[in-house]
Protein chains: 2
Amino acid sequence: MRKNAKFDRAEVVNNATKLYWEKGFNGTSMRNLQDVIDMRPGSIYATFGSKEGLFKEALNRYADMGIEELLACRKAVDSPLKALKLFMKSAVLDYTNSAPSRMCMLAKTMGELTEDNADLLQEAKRLLAKIEAEFVTLLQEAQELGEVDSNKDVHKLARHIQVQTMGLRTYAKACDDHTILETMVDDVFKHHPF
Amino acid sequence: MRKNAKFDRAEVVNNATKLYWEKGFNGTSMRNLQDVIDMRPGSIYATFGSKEGLFKEALNRYADMGIEELLACRKAVDSPLKALKLFMKSAVLDYTNSAPSRMCMLAKTMGELTEDNADLLQEAKRLLAKIEAEFVTLLQEAQELGEVDSNKDVHKLARHIQVQTMGLRTYAKACDDHTILETMVDDVFKHHPF
DNA sequence: CTTTAACTTGAACAATCGTTCAAGTACAGA
DNA sequence: TCTGTACTTGAACGATTGTTCAAGTTAAAG
């Protein structure tokens, strides 16, 4: 057997994700990528096939990070509803960390791409649905614990969380006022239809 | 005095706005623009200065169209709150018309651009604030008519409308289910904090 | 009709785009 | 040590990018 490639694939995809997340698909050039992932064109194309192939992998990495974060929130607090709120606060307010953009990378991708990149668009939709399914799981748990009325539709609530998160993160890029944003997240869980 | 340019500036900006709205700033090339506005590079640069200059004008045209639409909604119904709901339904659900994208062009711009185009980003923020101010005006009227409690903060409510609209329009691009979307808009005005 | 200034045209520019591939390097197996 | 293969390298490709500008066109003024 041959040894694997010299580069650390996970690290490479992480760095590519950061750049794509910040600059978008069209705003990122292969030469930008070469610099941040420290690979030459030949290796990149042998490994990922194309700019689109690497972007697709970056989208998946991004979604996985989000789900990991959500599960981490769940473990950090004693209730699934509090976990959702913590996750949302983190997504909307925590720009102190090394997040390349305030906005959701999947939402950015939905906005940027057209049918010219139908497969990437499809992948972004699929991953949004995957995340929404995680919301459903948490909401079902909340229902079992009595935090959410048992007659509520958890899929509907999950859609609601999704819309709020994407909307607030977009608003956050335009607003910048931390107090206003925090109040808006609090209000989601104050006036919510749970 | 000399006669004005042969081209119809308003028409040109309209067509440029359509293309920019659909493809985004980075996704649109000057040659794409030349085709749809039927002008040659020299004329374009003499008139608009740069790709960014034309985009800035397109952003303004887009915002003006939105405000016109909002005022048209106000005239179409007998209450400011119903007007807001009508506007939101139109923005989220009416993809039958010739809108180049389901998403808000300003939201798309906020997502696509970075500090590399700080002035365009600033302009998009300014226009989002301008639209939000129109929401405030309608909400104040609603307050005067007793449709909204007088102790509510109209600026806060306007922010809420803004977030819902942007969030739902982003979700709409990923969802496609008209029934689900319509229910979500209805729910905004059912469970709202007014 | 001639002049003159405003405006349009499209070829051309340097820079950058995504991608390819022949040549070089590195290392497991014999 | 030698061979063979997996992998990396970076120069190079044609296409396209945003932009410029000298030449051409148009039409009002003299």
Side-chain angles (χ1 to χ4, degrees), chain A residues 1-13 15-59 109 112-121 123, chain B residues 1-13 15-59 109 112-121 123:
Chain A
M1 281 283 281
R2 282 282 285 106
K3 203 180 140 187
N4 272 345
K6 287 166 191 168
F7 60 86
D8 178 348
R9 184 172 184 124
E11 177 85 356
V12 160
V13 175
N15 289 333
T17 302
K18 271 188 203 167
L19 191 62
Y20 273 133
W21 185 2
E22 186 199 346
K23 304 241 191 197
F25 181 72
N26 290 321
T28 303
S29 77
M30 290 304 291
R31 280 163 178 87
N32 295 154
L33 281 167
Q34 288 170 38
D35 294 342
V36 304
I37 72 181
D38 192 33
M39 286 174 73
R40 261 40 63 196
S43 296
I44 299 176
Y45 279 82
T47 309
F48 301 103
S50 65
K51 190 188 179 187
E52 303 201 9
L54 179 50
F55 189 75
K56 187 180 279 191
E57 204 143 329
L59 284 179
T109 301
E112 182 183 13
L113 300 185
T114 66
E115 289 304 321
D116 296 349
N117 301 101
D119 53 333
L120 292 181
L121 217 46
E123 188 70 1
Chain B
M1 280 284 280
R2 284 282 286 102
K3 204 179 139 187
N4 271 344
K6 289 165 192 167
F7 61 85
D8 179 348
R9 185 172 182 123
E11 177 85 357
V12 161
V13 175
N15 289 335
T17 303
K18 270 187 204 168
L19 190 63
Y20 272 134
W21 184 1
E22 186 198 347
K23 304 241 193 198
F25 180 73
N26 289 321
T28 304
S29 77
M30 290 305 290
R31 284 169 173 83
N32 294 156
L33 281 167
Q34 288 170 40
D35 294 342
V36 303
I37 70 181
D38 192 32
M39 285 174 72
R40 262 37 66 195
S43 297
I44 299 176
Y45 279 83
T47 310
F48 302 103
S50 67
K51 190 188 179 186
E52 303 202 9
L54 179 50
F55 189 76
K56 188 180 277 189
E57 203 144 328
L59 283 179
T109 302
E112 183 184 12
L113 300 185
T114 65
E115 289 304 319
D116 296 349
N117 300 101
D119 52 334
L120 292 181
L121 218 46
E123 188 70 359

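Keep in mind that the numbers below use all heavy atoms, side chains included, and drop hydrogens, waters and symmetry copies. Order of the sequence lines sets the chain letters (A, B, ...), proteins ahead of strands, with each chain counted from 1.
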Between the side chain of A/K56 and the main-chain N/O of A/D119, is any donor-acceptor distance below 3.5 Å?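 No.
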For the backbone of A/L120 and the side chain of A/E52, can you confirm whether one donor and one acceptor N or O come within less than 3.5 Å of each other?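 Not at all, since once roles are kept as given, no pair shorter than 3.5 Å links the two residues.
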Looking only at side-chain atoms of [X], point me to the closest of [options].
{"X": "B/Q34", "options": "D/dT19, C/dT9, C/dC17", "answer": "D/dT19"}
{"X": "A/R31", "options": "C/dC17, C/dG10, D/dG18", "answer": "C/dC17"}
{"X": "B/S29", "options": "D/dT17, D/dT20, C/dT19", "answer": "D/dT17"}
{"X": "B/S43", "options": "C/dG10, C/dT9, C/dT19", "answer": "C/dT9"}

Can you tell me how far [atom2] of [N] sits from [atom1] of [X], to the nearest Å?
{"X": "A/L19", "N": "C/dG18", "atom1": "CG", "atom2": "P", "result": "11 Å"}
{"X": "B/R40", "N": "D/dT20", "atom1": "CZ", "atom2": "C1'", "result": "16 Å"}
{"X": "A/I44", "N": "C/dT19", "atom1": "CD1", "atom2": "C1'", "result": "11 Å"}
{"X": "B/D116", "N": "C/dT16", "atom1": "CG", "atom2": "P", "result": "14 Å"}
{"X": "B/L54", "N": "D/dG18", "atom1": "CG", "atom2": "P", "result": "12 Å"}
{"X": "B/E52", "N": "D/dT17", "atom1": "CD", "atom2": "C1'", "result": "14 Å"}
{"X": "A/F25", "N": "C/dC17", "atom1": "CZ", "atom2": "C1'", "result": "12 Å"}
{"X": "A/R9", "N": "D/dT8", "atom1": "CZ", "atom2": "P", "result": "11 Å"}

Parallel, tilted or perpendicular: rings of A/F25 and A/Y20 (30°, 60°):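 Geometry flag for A/F25 against A/Y20: parallel rings.
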Counting only heavy atoms not in B/K18 (residues, nucleotides, ligands), do more than 12 fall under 6.0 Å from its NZ?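 No, NZ of B/K18 has 12 or fewer neighbouring heavy atoms, counting only those of other groups under 6.0 Å.
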Looking across every strand, which nucleic acid part, if any, lies under 4.0 Å from B/T28 by heavy atom: base, sugar-phosphate, or nothing?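 Touches sugar-phosphate only.
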Tell me which of A/K51 and B/A46 sits closer to the 5' end of DNA chain C, going by the nucleotide each one is nearest to.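 In this pair, the answer is B/A46.
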Would you say a side-chain N or O of A/Y45 is under 4.0 Å from OP1 or OP2 of C/dT20?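 For A/Y45, the contact criterion (side-chain N or O under 4.0 Å from OP1 or OP2 of C/dT20) is not met.
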Give the minimum heavy-atom separation between A/V36 and A/N15, together with the two atoms involved.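 Distance-wise, the nearest heavy atoms are O-ND2, 3.5 Å.
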